[in-house]
Structures are given as structure tokens and as C-alpha cells.
Amino acid sequence: MAGAQPIASIHVRGSSFLLPTPSPCLPLPSLDALLAAAIDAAAGPFHLRAVHAALIRLGLDSSSFLVNKLLRRLSHYRVPLHPYPLLIFSLVPRPNPFLWTALIRSAALFSSCRPDHHPLRLYSLMRRRWPPSPPLSFTFSALLKSAAADYSLANGLQIHSQSISTGGFDADLFVQNTLISMYVECSDLASARKVFDGMSLRDAISWTSLIVAYTKIGDLSSAEGLFDRSFVKDVVAWTAMITGYVQNAMPKEALASFERMRQAGVVIDEVALVGTISAIAQLGATKRALWIRDIVDKTGFGQNVVVGSAMVDMYAKCGLIDEARRVFDEMMDRNVYTYSAMVVGLAAHGRAYEAIDLFNEMAGRTNVEPNHVTFIGVLTACSHSGMVEEGRFYFRTMKNEYGIVPSPDHYACMADLLGRAGLIEEALELVRSMPMKPHGGVWGALLGACRIHGKTDIARIAANHLFELEPDGIGNYVLLSNIYASAGMWDEVSKVRKLMRARGLKKNPSASWTEGKDGAVHEFFAGDNCHPRTREIKDALEELLRMLKLEGYKPILSSVVYDVNDDEKENLLKGHSEKLALAYGWLTTTFGDTIRITKNLRICEDCHLVMRLASRAANREIVVRDNMRFHHFRDGECSCGEFW
DNA sequence: TAGATACCGT
């Protein structure tokens, strides 16, 4: 006989589906084993139905073993539990504990759609049905995971106590690890810690779960302490530290961890890369952005859609919008995250038409559905270039065509769009018509528009809401005071100042960063003398400002709201962190170079003017990323067209 | 013959 022939096949709509060929040297596999192999090899839900039909014909549809495999595969294809998988289950007269557990696991995937199929309900059925099934440790893993997904501490506690009363499963390592995660998800760190402390044996997962718990509440020193104590530092544990730092706005520490991980010889995976890429995005560090690309290329994760989307976001946030576009164009696989990152990035750089073109391409020529974030990008693009009608159109489209309920962030974009265009009354009306309470961003957009258009009456309304929502948000007081100052309403200015004093508000902790040629990040705080080259930087700034004054620069003293004399105001302006970063950049670059600055707050008017003039006088391109958008200064002009 | 837990992007 030449070669073994397939011994069975299933025909589905003209395509035959071959069962595996047995080796001639081994005994024939059992029918069970053959069917199990057929389930494993099925190409989709349709094949699985065909296999189930075969099971019925062969009288094997009551086999817990085979039905268990079927359920697992169906949930792999995310076939909802009701009604088909439940039907398959119901044909098994005496489901064994494995099968019950598989059912509970499937139910956990869809617990939100069918409350009557909730995992806990199925568990109680499992315990009450005759003959009752004893639970397995796996049963508790599944149940605890579903409690964590529901953020239900009450359910979690109930399952925890069941795990003890039904046979001491709380001593099982897997159950303990899942308990830790459940308590962490349900924000009960004390209980998570209690489980951890009570464990006689801990593995990498136990340690990592608790490390994540501490990073989530922002207690990085406890997380670091645990990480140092842990003897099992795998790539996941390292990544938990990296993302913990990122989530707590500590990108430098995240990068340092990544380096230490590499030095420790740990093999990097795509998740570690994504965390590191986010850290670079947060830092806005251009050199690092180019550095990580080499690493991504070497590891071969460049075509991973999550890595790619993170890269698009990173390049956009580092000011390298063309590089972001290049990565985007080279990606083979793009999803809604990829498109949203690109649209939001283009919008932040003021490239509104490109952003809207891309959105239209996505909506028209791909199967990728836009989501709420994509529309944030589209609406931002419209507002940053005064496209009022387009903005109104997309706001309607979002609701009517895509069924996306506008969030306060979308309303903030609309308030910004209408307000900037001078339609401040309409913006106020929109805000007042919101079905939910407006957040600070919404009133802030309105207040910003009032600054541009000198609307003191509406500014007062917006500011009063802001003072209530963000009593410590000093920027709001500054803005209102500026608006009054521009209108010559000095009494009001002094009232705002009094309010600030009464609330004990201190100077902004403003900070800027810029990168040196070596890629080192130099950090500057307002009025700070900490940089080792402070003397040189201050001298350079004086010289630069002297140069600009010859070209007509007059400091915009109204950017200072402190009640001090004009000389002191000018001095305060000189101490602004972005000017220190500019001076450092000027000192360390030459003609034609680009100086890139990242700032944690919105750039002030005086600094904006200085950047604009310096780009021509010093013959440098200057790219400033503030907390609102990017400004590209070139030859005395800014990409924002003074529209910010 | 079966089964699980930790870290990712807009």
C-alpha cells in the first residue's frame, strides 16, 4: 500500500474536510480520538456544526469529553453562548465537572449579554442538579475571572468562600493567583495582599499580579520593592514595571527599566515594546523614537498591529508627523487604533485636510469602523482650522450614522470649534443643552474661546463653573484674569487675583523638556537653576532676547498675572520653562537644525511670540508640543496660524 | 483523552 489514505472525511458544501491519517505502525486511534482531532482541526463554526452533526449520528453527542472540546472551539470563534453552545451542552445528560467548567468559561465571555446565563448562575445549577458535580480548581479560576470582569467584589467574595468550603481550593496556586487579580480588579488591595502573604508557594504570576496592583494605585515604590524582592523576573514582570511607570507619567523610569531588562538578557516581546514605545511618546523624545525603531525592526514585531499603532502615536507625539505617516502607510494590517492614532496625530499637527481625508478613506474604503476616539481626531482637526460646517457635519454623522453617543470630550471639541469661530453664544447654548454634566474640558474650551474673542460676560460664566470643578486649576484663573486685563477691567483682574490668593494657589509647576544631540533629555522648570549649564543658558537667553528686541519684540506682560511691577513681570517671563529649553536648544544646535521642545502645560502667548521670532532670527526650525497641540515655527511663522 | 492565572496601542 502506497502511503496511508485518509480514513474518514466530512463534506461541507462541496469542500471535503479530511480527518487525520493514522500511522500504519500504530494501532488505529479510537473514534473519540479521531473526532477530537477533527474538532481541533475545524476551520470555523461551520465545520464545528458539521462535526457536531456527526457526533449525533454516531451517538456520541452525550460525551462530555467531545462536547467540552466543541464548546472551547466555539468560544474561540466567539460564538455567543446562546443558543447553540447551550443546546450542545443540554444534550449531555450527565455533564462531568470538566464540561460544567467549560460552560462557565464560555458564559464568562458573554456574561454581559445574558444575565440568566451568568457564570454564577450556571455554577449554582452545577451544584444543585442531580447528580451534583463537584467543582474543580479550574471552575474557580473561571468564576473569579468573571467576577473580576464584572468588577463585582460581592461575587468575588462569594466565590472565594465557596472555594474554601468546597474543598480547600484556596490553597491552589492557580486559584490564589486568580484571587489576587480579582481583588486587584475590584480595588481591594488589602485582600489581594492578604492572599499573597498567605501563599506557601508563589510564582512569577503571583508577584506580577501584586506588582500591577501597586502600580495601579500609583504606589511605585511598593511595586519596585516587590519587583526587587521577586526572584522570578520574566519579560511580563519587567513589562508590568515599564507600563506601571508609563501609567504614572514616569517615562524616564520606564526607559531605564527597559534598558535594565535588556542588560539582564531577557528576551523582549511585543508587549514590552509597546510599553516602551508609549514611554517615548510620553517623553516626546525624538532620538529615542528613532532608536526604538531599530530595536523593533530587529525583533521583527514591526508588522504587529499593536506595535505599529503605538509607533504611529509615538512619532506623532514626538513631532515627527511625516515619520508617523510613513509607518502608517507601510503597515499591512490597520485597525481602528491605527487609524485613530493617525487621525488624532494629524489633527494635533494642524493638518486638518489630511486628517479628514484619512477619515473618509477609512470610512469609505476599509472595513474599519470609526469609534469615539476617531471622531475626537476629526472634530479636533475641524476646530484647529476653523472648519465649522464640516465639524457640525461630522458631529451629526457620528451620532446618526455610527450611533456613537457624544461624550463630554466630543462636546468640548464642538465648544472649541464654535467658540474659536466666534460663535460663542451658540457654543454656550450647546454646552447648556448637554445631556450630561459638562466637565472642565468643556468649560475650558469655552473660556479659551472667550480669550480669543474678548467675551468677558461668557468668560465669567465658564470660569465660575471651572472654579467649582477644578478649584486648583490655576490656568483657569490666569486665563480669566488675562481676559479681563485685555478688556481693561482692572477691578475684575484684582478680584481674580484675590481669589487666587485666598485659595492659596501657587505658581504653576510648569516644565519643559528638550533633547540633546546625544539623546539625553534635559528638563527645565519655571524659574529653575538646576541645570548644570544654567549660567550659559541664562546668558544665551539674554542674548537671544536682545536680538529679538532689535526686531521689535516686546514682552507680553499680560501673560503674567502676579501683582508685581513690569520689570519683575519681564523677569518672570524669562524664567518660563520653554524659554530655558529654547535657549539650551539654541546653544547646542547650529543653523538649520530643529529644536524640539515638549511642555506639560499650554504655551503662553509671550513664549509663542518668542518662538516665532526666534525661528527666523536664529534660523532654526522650532517644534513645540504643548498639552494642546503642536506648533511648528519656521521663518517667523507658526503652523497654527495664530489660531490656538 | 480534557481544563486555568500576570504585562500592550488611539
Side-chain angles (χ1 to χ4, degrees), chain A residues 29-37 39-40 63-72 96-105 108 135-145 148 169 172-182 184-185 202-213 215-216 230 232 234-244 246-247 257 261 269-279 281 301 304-314 316-317 324 328 334-345 347-348 368 370-377:
Chain A
S30 69
L31 194 54
D32 270 19
L34 272 175
L35 287 160
I39 293 167
D40 286 340
S63 150
S64 277
F65 170 63
L66 293 170
V67 171
N68 185 347
K69 271 195 160 317
L70 266 177
L71 279 188
R72 276 182 58 73
N96 70 10
F98 290 102
L99 186 54
W100 275 109
T101 303
L103 183 74
I104 288 169
R105 283 191 59 72
L136 307 165
S137 62
F138 306 93
T139 319
F140 291 108
S141 296
L143 288 168
L144 288 167
K145 203 173 179 171
F169 290 110
D172 179 277
L173 177 64
F174 283 84
V175 172
Q176 288 166 327
N177 285 344
T178 322
L179 275 168
I180 294 175
S181 296
M182 182 276 294
V184 170
E185 280 300 297
R202 303 183 188 104
D203 65 4
I205 295 174
S206 330
W207 287 94
T208 309
S209 302
L210 203 63
I211 287 170
V212 169
T215 65
K216 277 190 180 158
S230 160
V232 272
D234 62 2
V235 65
V236 181
W238 279 102
T239 307
M241 287 306 300
I242 292 171
T243 44
V246 172
Q247 281 154 7
S257 280
M261 169 172 75
D269 69 4
E270 75 275 24
V271 187
L273 281 175
V274 168
T276 310
I277 293 166
S278 309
F301 289 114
N304 176 295
V305 67
V306 183
V307 172
S309 306
M311 296 272 281
V312 169
D313 176 57
M314 172 191 74
K317 287 194 174 144
F328 178 89
R334 307 183 191 108
N335 62 19
V336 66
Y337 284 88
T338 329
Y339 273 96
S340 302
M342 195 69 244
V343 171
V344 169
V368 185
N371 67 11
H372 58 289
V373 181
T374 328
F375 277 102
I376 294 284

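Chain identifiers are assigned alphabetically (A, B, ...) following the order of the sequence lines, protein sequences preceding nucleic acid strands; residue numbering begins at 1 within each chain.
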| request: Output, in order, the C-alpha distance, side-chain angles, deciding distance and verdict of salt bridge (charged side-chain N to carboxylate O under 4.0 Å, His left out) for A/E185 and A/K145. | output: CA-CA 10 Å; A/E185 280 300 297; A/K145 203 173 179 171; over 6 Å; no

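Put simply, CG on A/N177 is 19 Å from P on B/dG3, counting in whole angstrom units. B/dG9 atom P lies 14 Å from atom NE2 of A/H372, rounded to whole Å. One interatomic measurement links the two molecules: CG of A/D269 to P of B/dC8, which rounds to 11 Å at whole-angstrom precision. Taking atom CD1 of residue A/I39 and atom C1' of nucleotide B/dA2, one finds them 11 Å apart after rounding to whole Å. For the pair A/N335 CG and B/dT10 P, the interatomic distance rounds to 12 Å; values are reported in whole Å. Atom CG of A/L70 is separated from atom P of B/dG3 by 14 Å (rounded to the nearest Å).
Nucleic acid contact class of A/D313 (heavy atoms, under 4.0 Å, all strands): sugar-phosphate only. Using a 4.0 Å heavy-atom criterion, one finds that A/V305 contacts the bases of the nucleic acid, with or without backbone contacts as well. In this structure, A/L136 reaches the bases: a heavy-atom distance under 4.0 Å links it to at least one base atom across the strands shown. Across all strands shown, A/V212 has heavy atoms under 4.0 Å from sugar-phosphate atoms exclusively, and none from any base. In this structure, A/E185 reaches neither bases nor backbone, as no heavy-atom distance under 4.0 Å exists between it and the strands shown. A/N371 comes within contact range of at least one nucleobase, with a heavy-atom separation under 4.0 Å. Using a 4.0 Å heavy-atom distance criterion, A/S278 is classed as a sugar-phosphate-only contact. Within the nucleic acid shown, A/T101 has no heavy atom closer than 4.0 Å to any nucleic acid atom.
A donor-acceptor pair under 3.5 Å is formed between the side chain of A/T338 and the backbone N or O of A/N335. Here the side chain of A/S340 pairs no donor or acceptor atom with the backbone of A/V373 at under 3.5 angstrom. The main-chain N or O of A/L136 is found under 3.5 Å from a side-chain atom of A/T139 such that the two form a donor-acceptor pair.
Counting distance only, with no hydrogens placed and no angle test, the side-chain atoms of A/N96 and the base atoms of B/dA2 include a donor-acceptor pair under 3.5 Å. The base of B/dA2 lies close enough to the side chain of A/N68 for a donor and an acceptor atom to sit less than 3.5 Å apart.
Here A/Y337 counts as stacked on B/dG9: its ring centre is under 5.5 angstrom from the base ring centre and the planes meet at under 30°.
Listed here is the closest heavy atom pair of A/E270 and A/V307: CB-CG2, 3.8 Å.
At the phosphate of B/dA4, neither OP1 nor OP2 sits under 4.0 Å from any side-chain N or O atom of A/K145. At B/dC7, none of the side-chain N or O atoms of A/Q247 fall inside 4.0 Å of OP1 or OP2 (strictly under the cut-off). Applying the 4.0 Å criterion to OP1 and OP2 of B/dA4, one finds that A/R72 has a side-chain N or O inside that range.
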